[in-house]
Amino acid sequence: MVALRLIPCLDVADGRVVKGVNFVGLRDAGDPVELACRYSKAGADELVFLDIAASHEGRATLVELVKRTAEAVTIPFTVGGGISSLNGITELLRAGADKISLNSSAVRNPKLISEGADRFGCQCIVVAIDARRRVQEGSGWDVYVNGGRKNTGLDAITWANEVASLGAGEILLTSMDGDGTQNGYDLELTRAIADSVAIPVIASGGAGCLSHIAEAFTKGNASAALLASLLHDGDLTVEEIKNYLLANKLSIRPA
């Protein structure tokens with residue numbers, strides 16, 4: 001059995017880690033390199049580094065942060081935000097990223113997924129999907145881009161299947177409804193996507209306690225759980241979470 005993964009997420013804007021609720025109300029959460037180093041030493045399985053203000057920041061800033069992060073950590077890390085070309089992917093992989101996360105650019109140009117997978121391997125290409133439940137109860141989820149600002153009208157499950165067929169190695173699935181609320185992952189959404197594709201799905205958005213994280217695996221069928229506020233605010237540690245998951249007979253590497 002492939003080990004489940006615990007992945008801290010660093011949302012970065014203006015060179016600082018930030019955190020909000022439902023993609024708004026951002027607050028400062030610390031220095032990205034310092035936090036990355038802390039989580040790497042604490043036993044996290046991977047890291048995700050998302051430049052959520054990429055369109056407003058120079059590319060040099062992101063590349064420099066990636067280089068500094070790569071020097072500070074000993075675990076794989078994924079970088080996303082404003083990456084719209086094969087050259088952009090190449091630059092960040094050379095800077096030290098292990099994987100690249102595509103979101104808005106993948107929706108605009110789905111061929112970038114297959115071109116990236118062909119050139120660098122499927123394992124390097126992650127597609128991030130930001131999904132929000134439609135107003136009509138039980139009617140599914142729409143895909144949003146541009147940092148959650150624009151509804152594409154794409155159905156999240158349909159889009160997940162398309163990115164998998166194009167060669168994405170995994171999906172980073174964020175529930176916009178759950179983001180930052182600490183009310184729990186959207187298990188229905190996570191399970192629907194995880195059960196419809198043959199690639200790993202990372203659950204994101206809403207973890208508020210230990211049981212929420214376990215449920216992402218046991219009820220959401222996720223392969224990994226993404227965490228931000230719980231760790232940044234010191235409510236839980238990587239070791240505490242992993243010990244709880246191990247005590248509940250889940251297959252995860254000890255911290």
Side-chain angles (χ1 to χ4, degrees), residues 3-13 16-23 26-52 69 73 75-81 98-99 101 126 128-131 170-187 189-190 193-194 200-248 250-255:
L4 303 170
R5 291 169 291 152
L6 198 66
I7 307 177
C9 180
L10 308 178
D11 289 333
V12 177
R16 299 287 293 178
V17 176
V18 295
K19 198 68 194 83
V21 177
N22 304 133
F23 282 43
L26 300 180
R27 58 181 171 82
D28 187 276
D31 176 76
V33 178
E34 181 183 322
L35 286 173
C37 190
R38 181 194 305 171
Y39 297 141
S40 176
K41 290 179 178 178
D45 298 295
E46 297 183 19
L47 291 168
V48 168
F49 178 158
L50 300 177
D51 184 351
I52 63 171
T69 303
V73 305
I75 56 177
F77 76 104
T78 300
V79 176
D98 297 281
K99 306 177 190 178
S101 175
V126 179
I129 299 177
D130 296 334
E170 59 187 326
I171 290 170
L172 170 52
L173 177 65
T174 299
S175 164
M176 293 182 63
D177 302 295
D179 176 69
T181 65
Q182 297 196 6
N183 291 327
Y185 296 100
D186 187 331
L187 299 176
L189 167 65
T190 305
I193 300 290
V201 172
I202 305 167
S204 170
C209 62
L210 291 167
S211 62
H212 289 162
I213 302 165
E215 287 171 351
F217 300 122
T218 60
K219 297 181 180 179
N221 295 342
S223 297
L226 203 73
L227 297 166
S229 301
L230 273 180
L231 294 176
H232 301 339
D233 294 340
D235 296 327
L236 289 171
T237 66
V238 171
E239 184 177 21
E240 286 171 338
I241 297 167
K242 287 198 165 190
N243 286 343
Y244 176 84
L245 297 175
L246 288 167
N248 282 271
L250 290 171
S251 176
I252 194 162
R253 298 181 185 90

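Note: S175 OG to N183 CG = 10.0 Å, rounded to the nearest 0.5 Å. Remark: L35 CG to C9 SG distance equals 11.5 Å, nearest 0.5 Å. Interatomic distance, CD1 of I213 versus CG of L230, reported as 5.5 Å (0.5 Å rounding). Note: I171 CD1 to S204 OG = 13.0 Å, rounded to the nearest 0.5 Å. For the atom pair CG (D130) and CG (L172), the distance works out to 7.5 Å, reported to the nearest 0.5 Å. In this structure, the separation between CG on L250 and CG on L6 is 11.5 Å, given to the nearest 0.5 Å.
Using a 4.5 Å heavy-atom cutoff, the side chains of Y244 and S211 are in contact. Residues S223 and E170 fail the side-chain proximity criterion, which asks for heavy atoms closer than 4.5 Å. Side-chain contact between L10 and Y39: present, with at least one pair of heavy atoms (C-beta onward) separated by less than 4.5 Å. Contact of the I75 side chain with the D45 side chain is not registered, since no non-hydrogen atoms from C-beta on lie closer than 4.5 Å. Between T69 and V79 there is no side-chain heavy-atom pair separated by less than 4.5 Å. Side-chain contact between E215 and H212 is present, with heavy atoms from C-beta onward closer than 4.5 Å. Using a 4.5 Å heavy-atom threshold, the side chains of V48 and L226 count as touching.
In this structure, F217 has no ring pair (Phe, Tyr, Trp, His ring centres under 6.0 Å) partners at least two apart in sequence or on a different chain. Take E46 and apply the side-chain hydrogen bond (donor to acceptor under 3.5 Å, both in side chains) test, not counting sequence neighbours, and it matches R5, K99.
When every heavy atom of V201 is checked against every heavy atom of A194, the shortest pair comes out as CG2-CA, 3.8 Å. For the residue pair L227 and L231, the shortest heavy atom distance occurs at CB-CD1, 3.8 Å. Summarising the geometry of A222 relative to L4, their closest heavy-atom pair is O-CD2, 3.9 Å, with the distance given to 0.1 Å. Taking every heavy atom of both residues into account, A224 and I7 meet most closely at CB-CD1, 3.7 Å. Smallest separation of non-hydrogen atoms from A131 and L173: CB-CD1, 4.4 Å. For the pair Y185 and A203, the tightest heavy-atom approach, listed with the atom from each and the gap, is CE2-O, 3.5 Å.
Judged by distance alone, the side chain of D98 and the main-chain N or O of F77 form a donor-acceptor pair under 3.5 Å. Using modelled atom types, one side-chain atom of T190 and one backbone atom of D186 make a donor-acceptor pair closer than 3.5 Å.
Enclosure of atom CD in E240 by more than 12 non-hydrogen atoms of other residues, nucleotides or ligands within 6.0 angstrom is indicated.
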